[in-house]
Every structure is written in C-alpha cells, then in structure tokens.
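Here is the structure we will look at, set down as structure tokens.
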Protein chains: 4
Amino acid sequence: MTPGELAAKAALTRPRIADEREAEILDAAVRVLAKVGYDRLTMDQVAAEAHASKASLYRHWSSKAELVVDAISKAKGLPQKAPNTGSLRGDLMATWCGHQNSHQSLPVSVTSGLMSAMHADDELATAFRERFLNPRRTEWRKVGERARERGEIADGVDIELVLTLLPALCSHYGVVLGKQLDQAFIERLIDEVVVPVAQRTSSPERGSGEAIS
Amino acid sequence: MTPGELAAKAALTRPRIADEREAEILDAAVRVLAKVGYDRLTMDQVAAEAHASKASLYRHWSSKAELVVDAISKAKGLPQKAPNTGSLRGDLMATWCGHQNSHQSLPVSVTSGLMSAMHADDELATAFRERFLNPRRTEWRKVGERARERGEIADGVDIELVLTLLPALCSHYGVVLGKQLDQAFIERLIDEVVVPVAQRTSSPERGSGEAIS
Amino acid sequence: MTPGELAAKAALTRPRIADEREAEILDAAVRVLAKVGYDRLTMDQVAAEAHASKASLYRHWSSKAELVVDAISKAKGLPQKAPNTGSLRGDLMATWCGHQNSHQSLPVSVTSGLMSAMHADDELATAFRERFLNPRRTEWRKVGERARERGEIADGVDIELVLTLLPALCSHYGVVLGKQLDQAFIERLIDEVVVPVAQRTSSPERGSGEAIS
Amino acid sequence: MTPGELAAKAALTRPRIADEREAEILDAAVRVLAKVGYDRLTMDQVAAEAHASKASLYRHWSSKAELVVDAISKAKGLPQKAPNTGSLRGDLMATWCGHQNSHQSLPVSVTSGLMSAMHADDELATAFRERFLNPRRTEWRKVGERARERGEIADGVDIELVLTLLPALCSHYGVVLGKQLDQAFIERLIDEVVVPVAQRTSSPERGSGEAIS
DNA sequence: CAATAAACGAGACGGTACGTCGAGTCTTCCT
DNA sequence: AGGAAGACTCGACGTACCGTCTCGTTTATTG
C-alpha cells in the first residue's frame with residue numbers, strides 16, 4: 001500500500017469528532033496493552049494500531065504513561081460501574097472474579113507496569129489516582145454503603161479500608177508473589193480477610209472510626 | 001578529582017576478594033537506588049558509583065533488574081533478621097515502622113519499580129521471589145510461629161496469609177494510593193486488619209486450614 | 001491581542017480580490033524570509049504572518065520552495081527594473097551595492113537556500129529559473145546591450161557571460177566563503193574581473209562568439 | 001537474520017581502530033550522498049549503510065551537516081592534491097573536468113546542499129570552510145604560485161581571485177542556471193574569463209595589489 | 001620469581017524507543 | 001463559496017539507556 005493510499009484510507013476512517021478520534025486511539029492503546037503489556041508497548045505501535053501519528057499522540061498525552069493511564073481509565077470495553085448483587089460477598093466476587101478474561105486482568109497488569117513510572121513522576125501518579133482510581137473508588141463506595149446498611153460492615157469499621165483489602169491483596173499476590181488469582185482464591189480472601197475485618201467486633205483503643213487516607 | 005586520579009584510587013581500593021567487590025557494587029547500587037529510584041537508575045550510574053565498569057556488572061548480573069534484585073537482597077545495611085519483641089504486634093511494628101529511614105523504605109519503592117519488569121520477565125520474577133522474598137518469608141515464618149504459640153494467631157488461620165497482609169497493604173497504600181506510611185497508620189492497619197484476621201473465630205465453610213500460595 | 005481579536009482583524013483586512021491576497025502572502029513570506037532565512041522559514045510562520053491558513057498557501061503554491069520562489073520573484077518592495085546610469089560600471093554598482101539593506105541581500109541568501117531544493121526537485125529549479133531568473137536576465141540584457149553600444153563590452157565577448165560574473169562571484173564569496181559584500185569589494189570585482197573580461201582584446205581560438213547557456 | 005546474528009556479524013566487521021571506523025562511516029555517508037543527494041540523505045540511512053547506529057554517528061558529529069562536511073572533506077576516493085601539468089590552463093582543466101564521474105561532481109552537488117544549512121548555522125559554515133575549503137585552497141595556492149612564476153598570472157593580479165573564478169562560475173552555472181558543465185564549457189570559461197583576468201594589463205586606479213578575502 | 005591466565009576499568013558500539021518538529025493534507029466552522 | 005483555523009499523517013531529527021564488545025592493564029596463579 002502506497003503512502004497515498006494509506007492517507008486516503010486514514011482519511012476515510014478518520015472520525016469527524018475529535019473525541020471519537022481520542023477514543024479510537026485509547027482503544028488502540030488498550031489493544032496493544034493487552035497484546036504486549038506496558039513495558040513492551042511503544043508509542044509507534046500505538047500510532048500504527050490507531051492509524052495515527054506519534055505527533056497526534058503527544059498532542060493529547062504528554063508521555064507514554066499518561067496515554068496508558070487514560071487508556072485504561074476511559075477506553076470503552078472496560079467496566080466502569082460497580083455491581084449490585086445484594087451482598088458484599090457477591091459484589092466483590094463479581095468485580096474480582098472476571099480476571100481470567102483479558103480485559104479484567106488488564107488493570108492489574110498495567111497498574112504494576114505503571115507503579116514504576118508513578119514513582120518517578122508525581123504528576124503521573126496524581127493523574128492515575130484521579131482519572132483511574134477515584135472514579136472507581138466512587139463506584140465502590142456505593143457498594144460499601146449498601147453493605148453497611150445491610151450490616152455486612154460493622155459500625156466503627158472504615159468502609160474504605162474494607163474495600164481496599166481486596167485490590168491490595170490481589171495485586172500483591174498476583175504481581176509480587178506470582179499467584180494465579182482464580183475464583184477459589186478470591187473467595188478465600190473474602191472469607192478469611194474481608195469478612196473478619198468488616199465484622200470486627202473488638203474495639204481497639206486507637207484509631208477506629210477515623211477514615212483512612 | 002580527575003578521571004585519572006579516580007582510576008588510581010579505584011585501583012588502590014579494589015578488593016582482592018571477588019565477593020567483597022560484589023558487595024561493594026551492590027552497595028553502590030543501593031545508594032543509587034535510594035537516590036533516584038528504580039526507573040531512573042542506570043547501569044552507567046551504578047558503574048560510576050562503584051568505580052566499576054559496566055562490563056563487570058554484566059559479568060555478574062545478566063540485567064539491570066537482576067542486579068537490583070541482588071542489591072536489595074544482599075546489600076549490607078539492609079536488615080536480614082526478623083525481630084523478636086515478644087508480641088506479634090511488636091514484631092510487625094519493628095519491621096514496618098523504620099520506614100522513615102531511607103533503607104527500610106527502599107524495598108517498597110524498589111518492589112514497585114520491579115513489578116513492571118517482573119511482568120515482562122518471568123526469570124526475573126522468579127529470581128526476585130527466591131532471592132529476596134523467600135529468605136524474608138523464612139524469617140517471618142518464625143515470627144508467625146511464635147505468635148501462634150502465644151495464641152495471637154488462632155488455630156485454623158493461615159499464618160502466611162496473616163503475615164502477607166501488612167506488606168500487601170503497605171505497598172498498595174504507599175505506591176498505588178500515595179499515602180504516607182507513618183507509624184500511626186501502620187498501627188491502625190495492625191489493629192484493624194491484622195489482628196481481626198489473625199484472631200478470626202468464625203469458621204467459614206470453605207478453604208480454612210489450607211495454606212495459601 | 002487575543003487570537004480571537006486577531007482573527008477578527010484578519011477578517012476585516014481580508015481582501016476581496018484574490019491577487020491582492022496573493023501579494024499580501026508573498027510579502028509576508030518575504031518578511032519571514034528576511035527575518036530567519038530559507039531554512040528556518042516554516043509554512044506556519046508565513047501563514048501566521050499573513051493571517052492566512054496553511055491550506056490557503058498550498059492552494060496557491062505546491063510547496064514551500066515554490067512559494068519562496070514566487071515571493072522573491074513577485075513580491076513588491078523588491079526591485080524589478082534594471083538601472084540605467086549611463087555606464088556599465090554604474091549599472092552594476094547600482095544593482096549590487098544595495099546589499100546593506102535587507103531586501104537586496106535577500107536574493108543571494110535565498111538563492112543559496114534554494115540550491116539544495118533545486119537539486120532535489122527539477123520542477124522547482126525550472127520554476128526558479130523561469131520566474132525569478134529569466135525576468136531579471138531580460139532586464140539585465142538591456143544593460144548589456146547599452147554597454148556594448150557604448151563600447152564597454154568588446155565585440156566577440158559574450159554579453160551573458162559578462163553579466164553573469166557578478167552574481168556568480170557575489171554568491172560564491174558571500175555564501176560559500178562567508179565574505180562581507182561591501183561596496184569596496186563589489187568595486188574591486190567590477191574593476192578586476194568584469195571589466196577585463198568585457199574588454200578582452202585577445203582572441204582565443206575557440207568558442208568566442210557563441211552564447212553561453 | 002536474528003538480532004544476535006547481526007550483532008555477531010557486526011562484531012566481526014567492526015574495525016579495531018577508531019579512526020578506521022570513522023573513515024568507514026564517512027565512506028558510507030559519501031555513498032549515500034552520491035545516491036540520493038544531501039537533502040534526501042538521512043542519518044538512519046547512513047547508519048544502515050555503515051552497519052552503525054545513529055548514536056555512533058552523533059557521538060562523532062553533532063549534526064547531519066557536520067557529518068556531511070567531514071564526509072566530503074576526508075573520505076577516501078575524493079582527490080586531495082592539486083595537479084601540476086605545467087600550465088595554469090592544464091591544471092584547471094585537470095581539476096574541473098572530471099565532473100562527469102560521480103565522485104568529482106559530488107562536491108558541487110553537496111556544496112549547494114550545504115549552503116542552506118551554512119546560512120542557518122555559523123558553526124557549520126566555519127567547519128565547512130576550515131575542513132573542506134581551506135585544505136583545498138592551500139593546494140590550489142601552489143597552482144597559482146607556479147602560474148605566476150610562469151608569467152600566467154600578471155603581477156598586481158590577486159592569485160586568490162583568479163583561482164576563485166572557476167569554482168564560483170561552475171557552481172553558479174551548474175546549480176543556479178542548471179547548465180551541463182562539460183569540458184568545452186569549462187574551456188570557454190578558462191579562455192574567456194580566467195585568462196583575461198589573470199593577464200589583465202590595465203591598471204585600475206583602485207584595489208589592485210591587495211589580496212581579496 | 002618470571003610467565004601466563006583471568007578479571008578488571010574504561011568506554012565505544014549496535015540497537016530500540018523516546019519525544020520533537022516541520023511539510024503537506026484534510027475537515028470544520030465561519031463569514 | 002471560499003477562507004481561516006488547526007488537527008492530522010508522515011518521516012526525520014537528535015537523545016537516552018540497555019546490553020555487548022574490545023582494548024590495555026592489573027592481579028593472582030602457576031612452572
């Protein structure tokens with residue numbers, strides 16, 4: 001295919017609306033991410049996958065890390081909403097047990113890839129927390145509030161802390177310890193960690209009641 | 001100091017014994033690591049810091065990640081032994097509350113830096129687990145066993161799981177959420193997470209008793 | 001002035017007649033050319049200077065080089081007519097000694113800038129010769145013919161060759177050798193090169209009489 | 001061919017002496033230059049042609065223009081010495097009539113390519129004059145001195161000026177006017193320009209005797 | 001105690017990806 | 001309708017770092 005033909009095809013597929021183009025690029029980034037992981041993802045690859053140019057990528061995102069943060073935050077195909085199954089246990093399972101399919105495992109894989117960059121670049125870390133984590137925390141908070149209403153999280157137990165347990169343990173077991181995160185394992189974590197913490201009845205002398213973070 | 005003088009000094013201080021030289025290089029790596037973090041650490045920097053050549057580094061370690069794994073695993077100045085304060089709470093505090101000094105915070109910072117590489121390189125991940133994690137797990141297991149003897153970890157509760165909670169939460173809060181890990185916070189995690197999990201009396205139907213990982 | 005105000009002003013001053021607009025753009029190109037030279041001139045700069053869009057530039061000229069050729073050929077403010085001072089020496093001085101002012105030095109500077117492009121693009125070279133050089137050669141020929149009538153160019157001496165000497169030497173000394181082309185130097189070239197060649201009395205066996213080029 | 005095999009081959013062909021490597025790269029640059037001209041020459045192309053990396057090119061030369069200047073200045077295969085045929089006419093012919101073969105026409109082609117860059121970058125212009133022009137001027141000066149001893153350049157005529165005529169006219173006719181520089185044409189220039197200027201007997205009132213440049 | 005082999009410091013190198021810039025093309029919106 | 005605005009693709013630029021390699025020297029081990 002000659003450059004001219006490529007340009008022609010690009011012109012045909014180029015969306016009219018800038019936001020659509022952005023979404024297309026983010027989707028391409030997600031595809032590359034799923035294929036090769038964060039480290040081996042290159043900007044040229046993303047550009048080629050999106051039939052875009054590197055200049056366009058850098059017009060919208062100031063670095064590879066920024067692009068990836070946005071990609072996993074806003075790309076379609078990644079779940080945005082918290083489940084509501086009627087029990088805390090069910091909600092957690094619904095959220096954390098799709099890990100076998102590639103899309104769901106993506107965030108864990110990519111988060112670990114980003115951690116390194118986050119240490120080196122505070123701006124990026126902030127972007128990651130605001131664009132990726134905060135929207136999800138907002139969603140999860142609803143799960144936590146419903147659980148408290150049902151009595152699944154005892155009074156005096158920090159909801160945020162309860163909801164943070166599973167992500168923290170999953171990334172630790174998955175990435176650091178290299179464990180396969182199958183359904184049985186997630187269930188064990190829920191039963192042996194989340195539930196005991198959420199239903200803690202003992203009242204330690206210090207700290208209880210204050211929100212963490 | 002001119003390059004020539006540096007070389008002269010290096011020649012003078014060059015150790016006769018290979019193992020000492022290796023330790024010197026690992027220490028240099030730790031110093032650079034503490035200064036700039038995993039990402040911004042370059043092999044040239046380490047070589048310069050150790051008055052060594054890159055070739056020497058690659059003679060001993062096959063990659064940057066391998067070197068760093070070894071550096072945080074074996075460098076002197078990093079604590080190797082588990083504490084024994086007489087209580088689980090005290091042991092945990094002793095291990096996790098030195099974070100204000102640079103050496104103790106190092107593993108967390110570097111672990112996050114390595115996560116990316118671990119995903120891309122299984123061999124590295126294995127090396128990290130075997131050289132860094134396993135020795136520490138062996139040490140910590142003693143802490144866990146003493147705690148069980150004292151009744152601080154209930155029967156039927158997985159010791160490994162209990163001991164994994166704090167590292168998992170610390171790296172999550174510290175790296176992912178960007179939280180300052182001060183002493184008060186570590187205490188809260190111990191009181192509100194570790195203790196409830198360790199003393200869980202309820203007996204869930206499934207999974208309890210099997211060891212995790 | 002905000003971009004909006006600029007746009008408003010541009011709208012107000014936008015000419016109704018295409019040729020005027022073209023001339024405005026060419027003038028803008030000349031201004032940019034004088035400021036930064038051929039290499040550092042960018043189409044965006046010209047567009048901004050002319051309050052035009054790049055698309056408009058490419059509607060009229062197929063490339064940067066084409067635009068520049070046209071700019072130095074047709075822009076107002078650049079002398080179009082050959083002088084007539086009554087002597088060859090005077091005409092040459094009049095034409096080549098305005099070099100201190102920016103406009104006159106422009107062609108030399110730009111010609112050198114275009115040389116590279118001319119080698120790569122025959123179409124451009126042709127355009128440059130036809131649009132820029134030929135009109136000036138036509139003018140200069142009158143100078144030459146008047147000089148021959150006055151006996152300043154001997155019979156058997158190629159007029160074109162005589163008139164080519166000064167441009168060739170000026171561009172060589174100015175661009176290649178980096179010499180300042182002040183009035184005294186131009187006078188030396190006229191006295192020591194142009195005049196001897198024009199008044200050559202010796203009759204070489206070959207070639208004399210044929211026109212060069 | 002795998003990267004490993006490529007590396008192995010590179011190791012085999014890599015010269016032991018740095019200067020040899022430099023010469024190899026310069027030769028590669030000359031080959032690319034002859035193939036595609038200055039404008040279309042890219043650093044990647046030169047790197048590929050020399051089995052080198054771009055980084056290596058930039059270690060030795062700070063820009064494309066610097067590399068090309070060095071290439072045409074020092075590459076083997078380009079004549080360095082002035083001829084000595086016994087007559088000024090013969091020496092000039094020997095130097096300027098090899099233009100049909102690609103190597104000899106290279107300097108003219110490349111000089112024009114460099115002119116643009118020279119205007120934008122004074123450092124480059126200086127480098128070009130010092131590394132390329134000055135060595136050749138030194139050589140040519142011998143030609144001029146021999147010519148003066150033989151009486152081919154009259155007393156009071158600037159030798160430098162005489163020797164500059166042909167390069168100036170050749171580049172002007174060749175590049176600007178697009179003329180084919182065949183042997184007959186060079187002879188005409190010598191007979192009708194160089195000889196009259198060199199043998200000028202008339203003594204203009206000003207300037208004669210001082211050296212130009 | 002000299003000869004030899006191994007290991008080393010120094011640093012150039014090939015390769016790959018980065019982030020930037022300018023040319024020339026295209027669409028949208030405005031007048 | 002036609003132009004201004006400006007996003008877009010393409011391709012080259014110059015930079016940084018990794019891991020490999022060579023060179024000449026120093027250090028330890030043998031004959």
Side-chain angles (χ1 to χ4, degrees), chain A residues 3-4 6-11 14-18 21 40-45 47 50-60 62-64, chain B residues 3 6-7 10-11 14-18 21 39-45 47-48 50-64, chain C residues 3 6-8 10-11 14 16 18 21 39-45 47-48 50-59 61-65, chain D residues 3-4 6-11 14-18 21 40-45 47-48 50-60 62-64:
Chain A
L6 265 176
K9 184 192 168 188
R14 187 187 305 154
R16 302 299 122 100
I17 310 300
R21 189 77 188 106
R40 294 208 255 260
L41 172 147
T42 72
M43 293 303 259
D44 291 272
Q45 244 178 317
H51 299 297
S53 73
K54 264 202 301 178
S56 297
L57 304 190
Y58 283 103
R59 229 174 271 123
H60 289 294
S62 67
S63 70
K64 166 179 165 177
Chain B
L6 267 176
R14 187 186 309 151
R16 304 297 123 104
I17 310 301
R21 190 76 188 106
D39 272 34
R40 294 213 256 256
L41 171 147
T42 71
M43 293 303 260
D44 293 86
Q45 247 178 314
H51 301 298
S53 74
K54 269 204 297 178
S56 299
L57 304 190
Y58 282 101
R59 261 188 284 273
H60 289 295
W61 300 276
S62 67
S63 71
K64 166 180 166 176
Chain C
L6 266 176
R14 187 188 309 154
R16 300 299 120 99
R21 190 76 190 106
D39 272 31
R40 294 213 254 257
L41 172 147
T42 70
M43 294 302 261
D44 294 86
Q45 246 179 317
H51 299 298
S53 76
K54 271 206 293 178
S56 300
L57 303 190
Y58 283 101
R59 231 172 269 124
W61 301 275
S62 67
S63 72
K64 166 180 166 176
Chain D
L6 265 176
K9 184 191 167 189
R14 187 187 307 154
R16 302 300 123 100
I17 311 299
R21 190 75 187 106
R40 294 207 255 260
L41 172 148
T42 72
M43 294 304 260
D44 291 272
Q45 243 179 317
H51 299 297
S53 74
K54 263 203 300 179
S56 297
L57 303 191
Y58 284 103
R59 258 189 286 273
H60 289 293
S62 67
S63 70
K64 166 180 164 175

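Bear in mind that the values here come from a model prediction, so they are computed numbers and not experimental data. Labels below follow one simple rule: chain letters A, B, ... track the order of the sequence lines, proteins then strands, and each chain is numbered from 1.
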How close do [X] and [Y] get, heavy atom to heavy atom, and via which atoms?
| X | Y | result |
| --- | --- | --- |
| Gln45(A) | Arg40(A) | OE1-O, 3.2 Å |
| Met43(B) | Leu57(B) | O-CD1, 3.6 Å |
| Arg21(A) | His51(A) | NH2-O, 3.2 Å |
| Ala47(C) | Ser53(C) | CB-C, 4.0 Å |

Roughly how many Å is it from [atom1] in [X] to [atom2] in [N], rounded to a whole number?
| X | N | atom1 | atom2 | answer |
| --- | --- | --- | --- | --- |
| Tyr58(A) | dT15(F) | OH | P | 17 Å |
| Gln45(B) | dA16(F) | CD | C1' | 12 Å |
| Lys64(B) | dC17(F) | NZ | C1' | 8 Å |
| Asp44(B) | dC18(F) | CG | P | 7 Å |
| Arg40(A) | dC17(F) | CZ | P | 21 Å |
| Arg21(A) | dT27(E) | CZ | C1' | 13 Å |
| Met43(A) | dT20(E) | CE | C1' | 12 Å |

Check whether any side-chain nitrogen or oxygen of [X] sits under 4.0 Å from OP1 or OP2 of [N], and answer yes or no.
| X | N | result |
| --- | --- | --- |
| His60(A) | dC8(F) | yes |
| Ser53(A) | dT9(F) | yes |
| Arg59(B) | dA7(E) | no |
| Ser56(D) | dG14(E) | yes |

Q | Of Ala55(A) and Leu41(B), the one whose closest DNA chain F nucleotide lies more 5' | A | Ala55(A)

Q) Closer to the 5' end of DNA chain E via nearest nucleotide, is it Lys54(D) or Ser62(C)? A) Lys54(D)

Q.
Quick check: on DNA chain E, is the nucleotide nearest Ala47(D) upstream (toward 5') of the one nearest Leu57(B), or the reverse? Name the residue that is more 5'.
A. Leu57(B)

Q.
Nearest to the Thr42(D) side chain among dC18(E), dA12(F), dA4(F), which nucleotide is it?
A. dA12(F)

